[in-house]
Amino acid sequence: KAGVTQTPRYLIKTRGQQVTLSCSPISGHRSVSWYQQTPGQGLQFLFEYFSETQRNKGNFPGRFSGRQFSNSRSEMNVSTLELGDSALYLCASRGDLGVGTEAFFGQGTRLTVV
Amino acid sequence: AQTVTQSQPEMSVQEAETVTLSCTYDTSESNYYLFWYKQPPSRQMILVIRQEAYKQQNATENRFSVNFQKAAKSFSLKISDSQLGDTAMYFCAFKSNTGNQFYFGTGTSLTVIP
């Protein structure tokens, strides 16, 4: 069974640009969450999608948005990039086996804003 | 709101020795799940162990075990017979029974010394 796939692995963007990151969950998983990981801050929750609907959202500005497609693939978009957006962005998928089901993570997209 | 605290930013251990990573959390909920994830240099977050709060028995997975103290809201990870491959960042995570979001600590960087 293929794991969670995130593309691209690395990205360098300029301040003010926008970026779109992609995540393909494990086959059969309908829940996809996004996290921002920075040194010292750990993982900060961005949002979660389930069956194309955003179920939960973290405390990030509106420049951060996402969506989920009918095949459960998800995209995350960041507009008007700032230097502080440089981070590792992790995507996680979960199955429907229960509330305690663990999250399976992708290898992340390393975004550098210059 | 839930918070997870890992007070040890860095730790080291000699190969074959035992090490304990600390984690405390704050929640007003009575039913929840706790996790330890490992993130090696490859960046892939891997589940190490999971504990259901309603279970008094501490979870064990091979060389990994936890000391779950619900009243103290403490969830430490013990790694026995440490191996070089255990070198990684370790994150403690909380998930409530009602929500879909994982709350992570800031991580502990563990180095196993040969």
Side-chain angles (χ1 to χ4, degrees), chain A residues 2-11 23 25-26 29-51 53-60 68 87-111, chain B residues 1-10 21 23-25 27 29-55 59 61 64 66 68 75 88-109:
Chain A
V4 179
T5 304
Q6 290 188 248
T7 56
R9 291 287 306 278
Y10 299 91
L11 209 48
C23 172
I26 291 173
H29 286 190
R30 292 187 290 170
S31 168
V32 175
S33 297
W34 289 89
Y35 292 84
Q36 180 194 67
Q37 184 180 5
T38 54
Q41 292 290 320
L43 282 79
Q44 302 291 312
F45 174 75
L46 282 154
F47 28 66
E48 188 226 0
Y49 286 87
F50 182 87
S51 292
T53 301
Q54 187 180 87
R55 275 205 301 201
N56 210 358
K57 190 177 190 308
N59 293 326
F60 277 82
Q68 187 179 33
L88 179 66
Y89 290 88
L90 293 170
C91 165
S93 76
R94 292 178 63 231
D96 298 343
L97 299 180
V99 293
T101 310
E102 69 264 31
F104 294 85
F105 287 83
Q107 287 188 284
T109 295
R110 171 76 66 189
L111 171 65
Chain B
Q2 278 68 233
T3 59
V4 179
T5 302
Q6 292 179 251
S7 58
Q8 306 153 313
E10 295 182 2
L21 280 57
C23 172
T24 58
Y25 58 94
T27 183
E29 302 192 21
S30 57
N31 294 321
Y32 48 86
Y33 299 83
L34 295 163
F35 306 81
W36 277 99
Y37 277 89
K38 166 186 176 181
Q39 186 180 43
S42 68
R43 300 179 345 199
Q44 182 88 52
M45 293 272 281
I46 303 164
L47 177 69
V48 175
I49 201 165
R50 174 180 57 192
Q51 174 80 42
E52 294 90 338
Y54 62 85
K55 289 187 177 179
E61 285 288 340
F64 300 88
V66 299
F68 173 49
F75 182 60
M89 193 75 145
Y90 287 81
F91 291 95
C92 177
F94 169 101
K95 183 190 174 301
S96 76
N97 198 36
T98 54
N100 299 302
Q101 178 180 344
F102 284 71
Y103 295 85
F104 288 86
T106 51
T108 296
S109 178

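So that the names make sense, note that chain A is the first sequence line, chain B the second, and so on, each numbered from 1.
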**Study point:** side-chain hydrogen bond (donor to acceptor under 3.5 Å, both in side chains) partners for R55(A), two or more places apart
**Key:**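 Result, side-chain hydrogen bond (donor to acceptor under 3.5 Å, both in side chains) vs R55(A): E48(A), N100(B).
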Check your understanding: Can R50(B) be said to sit on top of F75(B)'s aromatic six-ring, NZ or CZ under 6.0 Å from centre and within 45° of the ring axis?
Key ->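 Output no; distance or angle outside limits.
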Exercise for review: Check whether any side-chain heavy atom of S33(A) lies under 4.5 Å from a side-chain heavy atom of F47(A), and answer yes or no.
Suggested key: no
Practice item. Consider only side-chain N and O atoms of E52(B) and Y33(B), and report whether a donor and an acceptor are under 3.5 Å apart. Key: no
Review point. Using non-hydrogen atoms only, which part of Y35(A) is less than 4.5 Å away from chain B: side chain, backbone, both, or neither?
Key: side chain
Review point. What option among T38(A), L43(A), V4(A) has the most heavy-atom pairs under 4.5 Å with chain B?
Key: L43(A)
Practice item. Against chain B, work out which of A103(A), G108(A), A92(A) has the most heavy-atom pairs shorter than 4.5 Å and name it. Key: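 Maximum pair count with chain B is reached by A103(A).
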Point to revise | Q6(B), part contacting chain A, at a heavy-atom distance under 4.5 Å | key: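 Neither part.
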Check your understanding: Given the options P9(B), A93(B), S42(B), which has more heavy-atom pairs under 4.5 Å with chain A than any of the others?
Key -> S42(B)
**Study point:** Qualifying residues under side chain to side chain contact (heavy atoms under 4.5 Å, CB included), relative to Q44(A), sequence neighbours excluded
**Key:** Q41(A), F60(A)
**Study point:** Part of Y32(B) lying under 4.5 Å from any heavy atom of chain A
**Key:** neither
